[in-house]
Trainee: 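Here it is: the structure, laid out below.
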Number of protein chains: 2
Amino acid sequence: MKKEKATIHDIARKLNITASTVSRALKDHPRISAETKKAVQKTAQKLNYQPNHIAAALRNGKSKIIGIIVPTADRSFFSSVVRGIEEIANGSQYNVMICQTYDNYEKEVATVEALLNARVDGVIASHGKETQNFDHFLKIKERGIPLILFDRSNDELEVSSVVIDDFLGAYKATEHLIQQGCRRIAHFTNTRKISIFKERLRGYREALLDNKLPYDETLVIESNLQLEDGRSSTEQLLKLRERPDGIFSASALSIVGALQVLKENNIAVPDQVALVGFSNETYTSFTDPSLSTVEQHSMRIGNAAAEIFLEEVNADQKKFIPQKIVLKPELIIRQSSLRKK
Amino acid sequence: MKKEKATIHDIARKLNITASTVSRALKDHPRISAETKKAVQKTAQKLNYQPNHIAAALRNGKSKIIGIIVPTADRSFFSSVVRGIEEIANGSQYNVMICQTYDNYEKEVATVEALLNARVDGVIASHGKETQNFDHFLKIKERGIPLILFDRSNDELEVSSVVIDDFLGAYKATEHLIQQGCRRIAHFTNTRKISIFKERLRGYREALLDNKLPYDETLVIESNLQLEDGRSSTEQLLKLRERPDGIFSASALSIVGALQVLKENNIAVPDQVALVGFSNETYTSFTDPSLSTVEQHSMRIGNAAAEIFLEEVNADQKKFIPQKIVLKPELIIRQSSLRKK
DNA sequence: TTATATTGCGCAACCGATTACACATTATGT
DNA sequence: ACATAATGTGTAATCGGTTGCGCAATATAA
């Protein structure tokens with residue numbers, strides 16, 4: 001039953017020509033006659049020939065595969081980015097190999113190793129939360145393989161990156177809360193020193209100050225930003241003598257936690273406390289009230305990353321200067337922050 | 001800057017031995033002396049040697065890559081399955097290549113082609129909703145490459161599969177609604193003739209009949225089971241003279257739509273209408289009330305699929321008989337179906 | 001008509017690792 | 001002491017395409 005896979009040599013034998021001619025014919029080489037090309041194509045069809053990418057990859061030193069490293073594909077944000085990458089990549093005959101690190105540093109290092117051994121032509125990655133040391137990414141760079149970081153990037157690495165303007169997103173979100181009448185706005189941020197969270201914190205702070213509101217550190221709560229963290233952070237806020245009347249969270253999950261706790265305490269959202277999160281995950285529109293959030297245009301992030309990759313592989317090794325693309329986020333206002341006037 | 005990648009030949013030259021000895025030393029071949037092995041390992045380290053999997057793949061005819069085909073990774077169910085596969089696969093030095101078809105038939109066919117050309121050692125797949133013709137999967141089988149289907153499987157294909165007992169899941173869900181006092185239970189099912197949906201419908205039907213409740217076709221609504229479909233289906237139900245007092249949906253998204261519409265119409269959930277969905281997606285616990293659902297133990301599905309793959313690759317070509325693993329689902333009861341007695 | 005281009009295709013090396021087979025050396029058995 | 005076995009390493013082919021170089025045949029130019 002197992003069909004013997006045909007090679008170009010099989011085709012060549014059948015036509016009494018050489019494999020090199022077949023190879024050229026299949027690639028539409030200008031020096032091959034039209035008849036030969038037609039004949040080759042016909043027999044290729046007949047023999048059910050499927051090119052062996054591995055052989056080509058070995059010879060060419062390029063696998064036509066882009067490695068993608070994400071913490072998890074199980075999030076609208078990351079899966080949309082992947083989709084955005086695929087859109088562009090497939091158009092240029094590249095396939096993608098998606099790898100999940102589950103935010104685990106060891107797994108991330110192992111993944112880079114695996115992709116390197118698989119000889120991918122490029123890597124598009126967003127590193128995990130644990131990642132402090134970037135030697136594994138450096139290794140990719142040293143190999144001369146294009147590396148593009150997105151969302152969570154690292155400026156010291158001197159590689160191209162695609163990010164959104166986290167500062168702006170946070171600024172808009174906070175400003176919106178202020179416009180809705182909030183005067184004591186809390187902020188959930190991450191304990192780690194990841195730039196996106198630092199930027200979001202900065203945006204929050206600036207918006208407050210620009211609107212003559214005090215920046216109060218007791219209202220800034222650090223955590224891992226998961227659901228449970230959102231819950232406990234909110235409980236912490238409720239214990240304050242002066243409770244906040246708005247929360248802007250740097251994540252999507254933690255604001256869900258906040259909403260849960262507020263409802264359990266019979267605190268009206270958005271009237272007593274208005275909420276805005278970050279990242280337009282599916283579930284943010286399913287809660288009651290639905291959650292306002294910062295949309296990151298993840299598909300476009302993927303598009304941009306893939307485009308940079310294509311530029312880099314096609315550029316001369318040395319000439320390429322790392323570029324940083326910053327996309328503008330958009331505030332999506334839903335019920336959790338829209339007070340009736 | 002671009003480090004020249006070292007090969008076994010470089011190591012060999014440095015040690016005045018041949019590449020074959022190096023190759024053997026690295027693979028811990030019994031006929032190589034301990035000293036040589038040590039020396040090889042040391043210089044491999046020094047030269048920062050990374051094995052070229054592509055070369056090995058070409059020679060061995062095995063890439064050590066498992067191709068995974070899913071409609072989308074952006075769902076807890078599929079991403080958990082992938083995780084389950086990775087758990088097992090990584091333990092046996094296999095890497096995975098995740099491909100998304102977005103439920104698009106052409107993309108699915110192209111993906112199979114791509115994986116075949118990439119010479120993956122096996123394919124674990126869940127086909128798209130559009131897929132009626134399975135010739136592309138047949139092609140994998142004909143190549144002698146292990147193919148394991150999960151969730152959405154196809155019995156005619158005669159390949160191994162891992163599924164859950166959809167009948168049982170649906171039966172349990174429906175029975176639970178009956179126990180909660182529901183007497184007119186509606187069901188959302190898919191228009192396509194996909195077996196999982198047929199089985200769920202059957203489970204629903206059996207549970208009704210076993211409990212002496214009539215099976216009423218006007219309460220069974222076919223759609224694509226997306227959010228909007230859930231909304232319109234529910235609106236349709238509300239127009240009935242005799243409204244249902246419970247809904248069991250074969251999908252997670254559509255039951256969210258149902259909840260939305262019921263709330264908009266001030267119908268109490270679960271007291272007036274109780275709801276149960278299928279698939280324990282993240283968001284099902286974030287709605288208000290939270291949604292009861294059928295948990296599919298997706299991680300285990302992935303584990304099982306990967307295990308079958310390993311058995312198949314290690315088995316003699318012909319000896320392997322396709323096996324079908326059926327896992328038991330579990331009913332998760334949340335607020336949307338739990339009536340206070 | 002002779003010189004130069006162009007066309008069409010073959011030859012053979014190559015990518016990097018793997019492995020059957022061969023061979024020399026040393027160890028073990030009787 | 002001699003036959004046999006075990007040990008350690010080298011030789012060379014192989015996986016399937018790709019491509020620089022070369023050569024002959026035909027076409028174009030001068």
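Keep in mind that the numbers below use all heavy atoms, side chains included, and drop hydrogens, waters and symmetry copies. Here is the naming used below: chain letters follow the sequence lines, and residue numbers restart at 1 for every chain.
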Trainee: Looking at every strand, decide which applies to B/His53 at a 4.0 Å heavy-atom threshold: base, sugar-phosphate, or nothing.
Mentor: nothing

Trainee: Looking only at N and O atoms, is any donor in the side chain of A/Arg24 or the base of C/dG10 less than 3.5 Å from an acceptor on the other one?
Mentor: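 Looking at the base of C/dG10, it does pair with a donor or acceptor on the side chain of A/Arg24 (distance under 3.5 Å).
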
Trainee: How long is the line joining CG of B/Asn52 and P of D/dC15, in whole Å?
Mentor: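 It is 18 Å, rounded to the nearest whole Å.
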
Trainee: Please report the distance, rounded to the nearest Å, between CG in B/Leu58 and P in D/dT14.
Mentor: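 Those two atoms, CG and P, are 13 Å apart.
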
Trainee: What's the separation between atom CD in B/Glu312 and atom CD in B/Gln323, rounded to the nearest 0.5 Å?
Mentor: 7.0 Å

Trainee: Mind calculating the distance between CG (A/Leu15) and P (C/dC9) to the nearest angstrom?
Mentor: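 Computing the A/Leu15:CG to C/dC9:P distance gives 11 Å.
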
Trainee: Given A/Tyr94, which partner from the list A/Ile65, A/Ile85, A/Leu310 fulfils the side-chain contact (heavy atoms from CB on, under 4.5 Å) test?
Mentor: A/Leu310

Trainee: Looking at B/Val40, is its backbone amide N or carbonyl O close enough to the side chain of B/Thr43 to form a donor-acceptor pair, meaning the two atoms are under 3.5 Å apart?
Mentor: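 Side chain of B/Thr43 to backbone of B/Val40: a pair is present.
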
Trainee: Would you mind reading off the distance between B/Ile32 atom CD1 and D/dT9 atom C1', rounded to a whole angstrom?
Mentor: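 Spelled out: CD1 on B/Ile32 to C1' on D/dT9 is 6 Å.
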
Trainee: Rounding to a whole Å, what distance do you find between A/Leu26:CG and D/dG16:P?
Mentor: 15 Å

Trainee: May I ask you to evaluate whether A/Thr18 reaches the phosphate of C/dC9, defined as a side-chain N or O under 4.0 Å from OP1 or OP2?
Mentor: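 Answer no for this pair, as no side-chain N or O of A/Thr18 is under 4.0 Å from OP1 or OP2.
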
Trainee: I'd like to know whether CZ of B/Arg75 has more than 12 heavy-atom contacts from other residues, nucleotides or ligands below 6.0 angstrom.
Mentor: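 At most 12 heavy atoms, drawn from other residues, nucleotides or ligands, come within 6.0 Å of this atom.
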
Trainee: Consider the side chain of B/Thr36, meaning its heavy atoms from C-beta on, and name the nucleotide among C/dA17, D/dT9, D/dG17 that approaches it most closely.
Mentor: D/dT9

Trainee: Return the value, rounded to whole Å, for the distance between atom CD1 of B/Ile8 and atom C1' of D/dA12.
Mentor: 14 Å

Trainee: Check whether the ring centres of B/His136 and B/Tyr105 lie less than 6.0 Å apart, and answer yes or no.
Mentor: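 Yes - the distance between ring centres of B/His136 and B/Tyr105 falls below the 6.0 Å cut-off.
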
Trainee: Looking at every strand, decide which applies to A/Ile17 at a 4.0 Å heavy-atom threshold: base, sugar-phosphate, or nothing.
Mentor: sugar-phosphate

Trainee: DNA chain C: A/Arg119 or A/Thr21, which has the more 5' nearest nucleotide?
Mentor: A/Thr21

Trainee: Suppose we call a contact any N or O donor and acceptor under 3.5 Å apart; does that hold for the side chain of A/Ser20 and the base of C/dC11?
Mentor: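 Yes.
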
Trainee: For the pair made of CD1 in A/Ile11 and P in D/dT18, what is the distance, rounded to whole Å?
Mentor: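 Atom CD1 in A/Ile11 sits about 11 Å away from atom P in D/dT18.
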
Trainee: Examine D/dT18: is either OP1 or OP2 under 4.0 Å from a nitrogen or oxygen in the side chain of A/Ser23? Give yes or no.
Mentor: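 Yes, within the criterion.
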
Trainee: Can you measure B/Arg31 atom CZ to C/dC23 atom P for me and round it to whole angstrom units?
Mentor: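 In whole Å, C/dC23 P lies 14 Å from B/Arg31 CZ.
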
Trainee: Between A/Asn60 and D/dT19, does any side-chain N or O lie under 4.0 Å from OP1 or OP2?
Mentor: yes

Trainee: With a 4.0 Å limit, can you tell me whether B/Ser33 has a side-chain N or O closer than that to the phosphate oxygens OP1/OP2 of D/dT9?
Mentor: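 Checking D/dT9 against B/Ser33, a side-chain N or O does come within under 4.0 Å of OP1 or OP2.
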
Trainee: By nearest heavy atom, map B/Lys27 and A/Ala55 onto DNA chain C; which one lands nearer the 5' end?
Mentor: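 Whichever sits nearer the 5' end wins; that is A/Ala55.
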
